[in-house]
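Down below is the structure, laid out as structure tokens.
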Amino acid sequence: MNPKPTSKAAVLLENQELQARLDEAEEMLGAIGRGEADALVIENGAGPKVYTIEGDEAAANRFRSDMLAMVSDAIIAVDENERVIYINTAAERLYGFPASSALGRKLTEVRTALWPSVEKEAAAMALYRRHGEWRGEKIHILNDGRVLDIESSISALKGRDGQPGGRLAVMRDVTARNKREEEVLISEIRYRRLFESAHDGILILDPGTRKIVDANPYMTQMLGYSHAELAGKELFEIGLLKDKAASQDMVRKLRETREVRYDNLPLETRTGRHQDVEVVANLYDENGHPVIQCNIRDITERRRAGEHVKLLMAEVNHRAKNLLAVVQAFAHQTAKYGDPATFTARLSDRIDGLAAGQDLLVRNQWLGVDVADLVAVQLAHFKDLIGTRVLIEGPRALTLNMAAAQGIGMALHELATNAAKYGALSNRDGTVHIGWQVTNAAKPTFSMSWREDGGPVVVPPTRKGFGQIVIGRMAEAAVEGEAEIVFRESGLSWHLSAPAENALAQTEPYSQTRQPHDGG
Amino acid sequence: MTKPATTLAEADAMRTSARYVMRLYITGSTPNSTRAIANVRHICEEYLDGRYDLEVLDIARNPALAADAQIIAAPTLVRISPLPVRRFIGDMSRRDSILLGLGLRPIVGRPA
């Protein structure tokens with residue numbers, strides 16, 4: 001304050017200030033008198049100090065307020081008009097609203113609360129009205145757009161007169177917890193599905209008791225026991241291990257190595273049926289609790305497949321030797337009967353015919369060859385003539401056994417080669433009729449014929465070449481039948497017949513209907 | 001900061017258009033403090049829709065705030081703008097007196 005006013009204006013201003021201070025002091029006294037002031041601020045050398053003027057109650061209020069401020073959960077109190085009258089530090093942080101800005105505001109300005117459903121809201125309101133408190137989850141939308149899952153505990157506040165006067169809410173952000181729970185649930189569903197749908201049997205055992213605590217559906221199916229029947233049993237009780245000692249031994253080994261494998265155990269089902277299984281047992285830790293997981297795989301099929309492979313290997317070995325013997329004979333006979341100048345070409349051609357038949361056999365896993373397929377393969381060079389000059393007639397789905405397929409295949413190859421060089425397929429007009437059938441008699445007979453017409457005039461050979469041996473003796477040997485070769489002037493004809501059981505694959509039902517064949 | 005009104009016309013314009021900047025000093029969540037907060041917010045929303053900044057400051061948590069603003073009792077409402085600075089002490093329940101002091105009550109019956 002200036003002790004010596006220098007002008008009228010300055011004096012007026014000073015007067016105005018003094019008046020304002022006086023008014024303020026009067027107002028303060030009035031407020032204290034009316035009980036509207038809670039505290040006085042007194043300046044001293046150490047700075048301002050707040051002195052409460054409401055005594056113990058105000059101090060107790062402040063103590064409570066200080067305690068609430070330290071709580072890690074968010075706390076907000078609202079009055080009966082939904083205005084914020086208290087917000088602690090955790091709530092300031094959660095909602096991004098400082099107390100200085102939030103106090104006195106409508107709660108809806110601080111955050112928007114949503115209920116998961118209308119029904120839940122109605123139920124919560126009913127509970128709150130009845131008991132004056134409610135606990136549950138709500139969704140809060142913050143002013144910055146974030147959406148939080150909030151676990152709330154809401155209690156009704158009472159005024160001094162005992163009447164309801166607002167409420168106190170304690171809130172915890174459980175968004176991360178809910179997300180984790182959802183992830184755990186998804187994971188549980190996913191791995192439960194794996195467990196339920198696995199095509200291996202899975203047993204979960206308690207290492208302490210060695211008893212089954214869970215089994216997947218495949219396991220119950222494999223054993224023929226229900227889930228309830230399996231639960232509480234030891235492995236030896238379901239025939240998986242020999243006896244109690246074996247069961248104890250497995251757990252002891254598991255504790256040492258954490259994994260035990262049994263490659264081939266004879267599992268006995270409830271009905272007494274034996275199944276070969278492979279068992280892999282592991283000792284795992286499930287959140288601090290040890291568990292044993294046994295994966296049980298039915299290896300019956302695998303063993304069968306292994307045996308089949310062994311069988312096939314032996315068969316391949318046998319066939320290869322057989323084939324080499326045939327090739328050897330081809331080479332020997334081709335050299336013996338033919339012109340040495342064309343030996344390589346003739347041998348190569350015969351080996352090609354043999355190879356074509358072998359392909360068919362391999363494709364059918366040496367189980368036999370369909371006659372129509374064999375004819376098509378051996379007449380592949382003349383496929384354009386099939387249906388015009390090469391006429392094929394015979395029942396479908398008639399399967400020759402392996403020896404017959406090889407012998408007849410070689411014979412067809414020789415006949416085709418001969419026809420192209422000298423016979424009906426060496427000119428423009430000749431025709432070849434190929435036919436096969438099975439006679440419908442008490443003892444069925446398979447027969448096959450090749451008849452040429454319209455080719456150059458046939459002159460019977462003066463000596464027997466190797467080709468004639470192939471279509472004659474070798475074909476007969478292959479089917480244990482008879483071959484007839486007639487050199488008609490109009491064309492060669494060949495007829496082979498044998499008991500059907502010698503020529504045809506055993507599994508093949510004999511077809512007795514004759515029908516035209518398209519040669520394809 | 002808006003300068004003080006010197007005529008009735010200016011006072012009326014201030015009442016209807018000036019932006020109000022105010023601070024309310026309280027001491028925790030005592031009944032007087034909570035009443036003061038509610039009363040002041042109510043006045044602001046009713047008379048100063050969208051043209052006010054109100055800060056509520058707790059001097060129980062931070063006494064230094066009181067020294068900065070020369071607060072001698074709580075609750076105290078300080079009008080910082082428009083000038084002149086005005087202080088009101090109590091729970092702000094004497095609505096007419098507060099409205100008059102804040103310049104939010106129309107001045108009638110006096111010559112310009």
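Below, all heavy atoms of this structure are taken into account, side chains as well, without hydrogens, waters or symmetry copies. Letters A, B, ... mirror the listed sequences (proteins, then strands); counts begin at 1.
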For B:Tyr25, is it the side chain, the backbone, both or neither that has a heavy atom under 4.5 Å from a heavy atom of chain A? neither

Any chance you could measure B:Glu45, atom CD, to A:Arg105, atom CZ, to the nearest 0.5 Å? 8.5 Å

Find the distance between CZ (B:Arg35) and CG (A:Asp79) and round it off to the nearest 0.5 Å. 11.0 Å

Under 4.5 Å, counting heavy-atom pairs only, tell me which of B:Arg41, B:Arg86, B:Arg87 racks up the most with chain A. B:Arg41

Just checking A:His289: does its NE2 atom have more than 12 heavy atoms from other residues, nucleotides or ligands closer to it than 6.0 angstrom? no

Portion of B:Ile59 that has a non-hydrogen atom of chain A nearer than 4.5 angstrom: both

Tell me whether A:Arg135 at atom CZ has more than 12 heavy atoms from other residues, nucleotides or ligands lying less than 6.0 Å away. no

Should we count NZ of A:Lys106 as having more than 12 external heavy atoms under 6.0 Å? yes

If one checks every heavy atom of B:Leu24 against chain A at 4.5 Å, the contacting part turns out to be neither

Side chain, backbone, both or neither: which part of B:Arg23 has a non-hydrogen atom closer than 4.5 Å to chain A? neither

Spacing of B:Asp58 atom CG and A:Leu103 atom CG [to the nearest 0.5 Å]: 8.0 Å

Check each atom of B:Thr76 against the heavy atoms of chain A and say whether the ones under 4.5 Å are side chain, backbone, both or neither. neither

Could you tell me whether A:Asp285 atom CG has more than 12 heavy atoms of other residues or ligands within 6.0 Å of it? yes

Exceeds 12 heavy-atom contacts within 6.0 angstrom, atom CD of A:Glu182: no

